[in-house]
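Working notes, structure below.
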Amino acid sequence: MQTSKKGKFQIGLLLLPGLLIFGIFTVYPIIKLFLMSFFEWDFGNIADQKFIGLKNYRNVLSDRYFRIAFTNTIIYTFVTVPGQMIFGFLTAFLINQITRFKVGYRVLYYLPVITSWVIASLVFKYVFNTEGLLNYFLVHILHVTSQNIRWLDTRWSGLWIAMFLGIWKGIGWNMVVFLAALQTVPADLYEAAAIDGANAFKKLFNVTLPCIKGTILFALVMLTIGGFNVFTSVKMITGGEPGHQTDVVLTWMYHKAFSTGAFGYSAALSFIITVVLAIMAIIQFRMMQQKD
Amino acid sequence: MKKKTLIQIMLHLFLIFSLVIVVLPMVYMVSTSLKPNGALYEYPPRFLPGLEEITIENYLYILGQGKFYINFLNSLMVAGCAVLLAALISSALGYVIARFAFPGRNFLFSFIVLTMIIPGLTLIIPQYQLAVKLKTINSLTGLIPFYTAWTIPYSTFMIKGFVENIPKELDEATYMDGGGVLTVFGRIIIPLAKPGIASVSIFNFLTAWEEFPWANTVINDNLKRTIPIAISGFFGQHQFTQWGYVFALSVFSLVPILMVFIFCQKFFVAGLTSGGVKG
Amino acid sequence: MTINFWHHYSAQSAENDTLMNVLIPKFEEENPGIKVNAVSHEWGDLHEKILISAQSDTLPDVGRLDSAWIPEFEKMGILVALDEEMSDYNDVSAGLLDSAMSTASVGGHSYGLALNTNSKILFYNVQGLADVGINAPKTMDEFVTAVKALAGTNENGQQVWGYNEPALAGWNLCPFIWSMGGAITNDEETKASGYINSPETIEAIQILADLYSEGAITGWNSGDIPMTDGFGTGRYMMLLEGPWKIAEMEGAYPDFEYATTEIPAGKGGSISVLGGEDISMFNSANKDAAWKFIKFMTEPFAQEEMAKCGQIPVNKEALESDTAKEADFAPFIDAIATAKSRPTVACWSEMDSELSVAVTAVMNGEKTAKEAMDELAVTFDEMLAQ
């Protein structure tokens with residue numbers, strides 16, 4: 001179809017607001033961030049920003065707090081992504097088998113997703129408080145330990161709570177996504193598999209999972225991005241304490257930027273995270289394609 | 001027949017059991033909000049308050065503070081505007097990218113999708129400086145364009161998928177009747193992509209309603225704070241925290257989200273499934 | 001016209017109520033045409049917010065600042081030198097305590113008026129000490145013995161700590177370091193090696209770390225009971241706290257019986273940390289209106305009202321008033337006489353945060369006190385050299 005002059009004008013009209021907003025508020029900051037990462041750009045000396053090449057990048061990579069934060073982020077992602085997907089898929093799989101109350105389950109399982117990060121983090125912080133309900137339960141009801149456990153106060157237990165929250169909050173989203181995908185699997189494939197004498201497990205691995213591969217990839221990429229985006233929960237639950245042991249990359253970036261004013265350092269850090277994430281997304285796509 | 005019923009019952013039992021674990025924290029939040037504030041370090045701590053102990057004093061306290069109404073309206077205004085803007089802009093982008101071959105189309109779409117990879121918060125420094133230049137620091141309207149811009153990539157990606165599922169013949173018929181590009185957009189695309197737009201909008205509403213770090217960084221005045229900032233404002237490091245108030249305010253802040261979610265449930269599921277994701 | 005005033009009186013405190021319901025209405029009545037928009041931030045947030053706002057020219061007109069921040073903000077060039085810009089500065093400052101005014105002075109100029117002063121003394125649970133049959137500790141050795149004796153479990157089987165320290169920053173550690181004969185830097189505040197890692201400083205940190213590993217002290221971890229609640233419910237037996245704690249306890253735990261005494265003495269004497277806030281003007285301010293408000297806050301009326309909430313006045317007239325005498329600030333005023341300030345250097349906030357991280361590592365047993373303090377000395381020397 002040939003687009004008329006008037007048509008071209010109207011197309012331009014439709015594109016314009018999007019390009020403007022996207023250009024000003026997203027593209028421009030990306031470019032600015034990239035440039036900042038090569039400059040000495042601190043609170044104290046806003047007036048004279050010196051070009052310092054890759055020094056910010058070297059500072060980030062040699063910083064032991066960054067390494068801790070980066071390791072924490074990787075662990076967070078590698079635990080919460082499969083965690084959410086497995087529990088989400090299982091829930092979807094079960095709901096797909098039942099005949100009644102499907103909608104009811106779907107709504108209730110979705111509750112944590114629509115609860116804001118701030119609120120969910122506060123609830124978890126309250127439950128896992130050293131003097132909180134969970135410790136009372138463990139010490140005085142179950143007697144599995146005699147001392148209150150300092151959940152929030154060590155690196156691994158602090159991270160563990162953030163990861164637990166991440167999984168808890170993500171099950172609903174995965175459930176909805178996988179439920180939709182399961183409904184697209186053609187019933188005759190199952191029938192064919194049944195005729196070949198496949199049991200439930202074989203059906204799952206030979207029919208269901210291959211059929212929803214696209215969805216698995218979609219969820220994998222989205223959740224990996226989500227894992228690197230973790231911020232509010234860590235900030236509210238442990239605040240990076242004790243001594244930056246539970247910081248993740250974004251809370252460390254925020255601390256460096258707004259508590260110490262090291263904008264150049266933070267810009268370099270942001271770029272490093274973005275590159276790592278892009279590489280991971282590419283690897284995920286490749287891996288899924290190879291299995292074809 | 002019997003065996004099938006048994007399996008169904010097992011499935012339900014299993015689902016209910018895990019559901020209890022999932023909703024437990026929410027129940028605890030509501031139950032704490034109904035306890036007297038002083039019961040914070042009560043011994044022994046209880047999951048549910050005793051019947052005679054139940055009180056709505058925390059809710060009355062929140063309702064008695066004028067500033068929380070304003071915080072609530074602030075959040076509603078910001079989230080509402082951002083959602084409307086994002087819906088309009090992303091539908092237009094999604095439509096044009098799905099239907100018309102213009103120079104740079106593939107580049108534009110790939111670029112939009114690529115920006116989804118960048119963790120939003122990493123842009124906070126240049127975005128902050130931009131907000132300074134635009135004089136939108138400490139201003140509610142200043143939040144709106146940023147929220148809109150953050151939600152555009154995902155929304156465009158999803159809506160484009162929806163538009164591609166709308167038969168092209170409908171466009172053609174409109175052109176035959178003498179309609180233009182805008183007519184197709186208004187009469188065909190928007191109505192038919194409505195479930196997709198609605199589902200994306202629910203998602204966007206949630207994003208804007210609960211957004212914390214950006215609003216916390218740029219908003220200063222009490223009366224300009226959004227709800228998440230107001231909630232976190234109950235915390236001081238060395239003072240005592242009134243968990244009862246915190247959770248009462250939290251329960252209030254969940255109400256709009258719940259309403260949006262319940263009323264738009266069917267769009268929501270439709271949206272997640274048939275748009276960008278093709279199993 | 002509206003002037004913006006940022007402070008860190010807690011949002012739910014008596015000080016904030018007095019500010020909002022008594023002082024600001026009175027000021028607005030006396031100065032028609034000027035409105036005051038007061039915003040409360042948490043202490044750490046206020047510091048962060050000011051750094052952020054300095055970037056964007058969105059600073060408020062007036063701020064109530066921790067006096068430890070003044071050198072840093074002066075270096076950033078965001079504060080107004082009041083002695084240069086205000087013609088009646090000398091008349092006003094003459095009415096305020098010299099010792100408190102010195103906290104706002106950098107390089108011979110004055111970047112604020114003293115607003116309130118304070119220091120910390122030892123608070124203890126009277127019944128708790130009586131139960132184990134010991135007197136309030138007078139020396140550091142007695143303090144350590146008391147902390148160990150008081151720690152244990154209560155009748156509900158809940159853990160009880162002998163002492164609570166809500167953070168591990170300079171404000172928290174300095175009384176121990178100084179009283180034990182240690183130091184943060186030399187007197188000229190140019191060098192930390194040999195001071196922050198002196199045997200005395202290391203011993204002070206080691207004592208706290210040992211008490212922590214025995215489960216006798218706590219408080220700085222995210223999962224701990226907040227200080228006021230812990231003290232009022234008998235879970236924390238002793239605290240080092242300032243005058244505001246008296247009003248706080250009165251409000252939250254009116255029936256609780258406690259007493260106070262001076263900081264236990266060590267090799268260095270009984271040395272507390274000097275606290276206090278200054279009220280400063282930012283250079284973007286509307287100077288006339290802001291100056292009126294600053295003066296108002298340091299005049300006897302406002303100072304006496306704040307004294308009722310536990311803020312020790314710095315206005316000489318207010319200090320002699322009946323309100324101040326009734327408030328029983330005497331123990332704090334004695335402590336102030338021998339208290340020391342934290343280093344008045346521009347990089348103090350950064351040093352403070354490094355100190356916290358280093359001591360946290362010692363507490364968690366990741367490093368010995370000597371290792372951590374030796375490393376810290378190197379870091380501090382670099383910061384001080386800049």
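Reckoned from all heavy atoms, side chains included, excluding hydrogens, waters and symmetry mates. In this text the structure is predicted, and so the values were computed from the model without any measurement.
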Out of [options], return the one with the most heavy atom pairs under 4.5 angstrom to chain B.
options	value
A:Leu90, A:Ile114, A:Leu277	A:Ile114
A:Phe22, A:Phe271, A:Tyr109, A:Phe87	A:Tyr109
A:Val185, A:Ile24, A:Ile95, A:Val123	A:Val123
A:Thr91, A:Ile273, A:Val127, A:Thr99	A:Thr99
A:Leu15, A:Leu250, A:Thr232	A:Leu15

Nearest 0.5 Å, what's the [atom1]-[atom2] distance between [X] and [Y]?
X	Y	atom1	atom2	value
B:Thr32	A:Leu122	OG1	CG	11.5 Å
B:Leu108	A:Leu19	CG	CG	6.0 Å
A:Ile98	B:Phe14	CD1	CZ	13.0 Å
A:Tyr105	B:Leu11	OH	CG	9.0 Å

Quiz item: In terms of heavy-atom pairs under 4.5 Å with chain A, which of B:Ile152, B:Ile16, B:Leu114 leads?
Solution: B:Ile16
Practice problem: Against chain B, label A:Phe9 side chain, backbone, both or neither, depending on which of its atoms sit under 4.5 Å from a heavy atom there. | Solution: neither
Quiz item: Below 4.5 Å, heavy atoms only, C-beta onward: do B:Ile124 and A:Phe258 meet side chain to side chain?
Solution: yes
List the atom of [X], the atom of [Y], and the distance in Å for their closest heavy-atom pair.
X	Y	value
A:Ala281	B:Ile117	CB-CD1, 4.1 Å
A:Thr274	B:Pro119	OG1-CD, 4.0 Å
A:Ala267	B:Ile125	N-CD1, 4.4 Å
B:Pro126	A:Pro29	CG-O, 3.3 Å

Exercise. Sorted by first residue and then second, give each side-chain hydrogen bond (donor to acceptor under 3.5 Å, both in side chains) pair with at least one member in residues 111-130 of chain B; sequence neighbours left out.
Key: A:Lys32-B:Gln129, B:Gln127-B:Trp150, B:Tyr128-C:Ser56
Quiz item: What pairs of residues pass the side-chain hydrogen bond (donor to acceptor under 3.5 Å, both in side chains) test when at least one of them lies in residues 10-27 of chain A, not counting sequence neighbours?
Solution: none
Exercise. Quick one: list whatever passes side-chain contact (heavy atoms from CB on, under 4.5 Å) with B:Val251, sequence neighbours left out.
Key: B:Met29, B:Val30, B:Ser33, B:Tyr59
Quiz prompt | Test of ring centre spacing under 6.0 Å for A:Tyr126 and B:Trp243 | solution = yes
Quiz item: Checking side-chain contact (heavy atoms from CB on, under 4.5 Å) for the pair B:Val22/A:Leu111: CA distance, chi angles, key distance, verdict?
Solution: CA-CA 9 Å; B:Val22 167; A:Leu111 271 181; over 6 Å; no
Exercise. Tell me the residues of residues 84-94 of chain B whose non-hydrogen atoms fall below 4.5 Å from those of chain A, in number order.
Key: B:Ile89, B:Ala92, B:Leu93
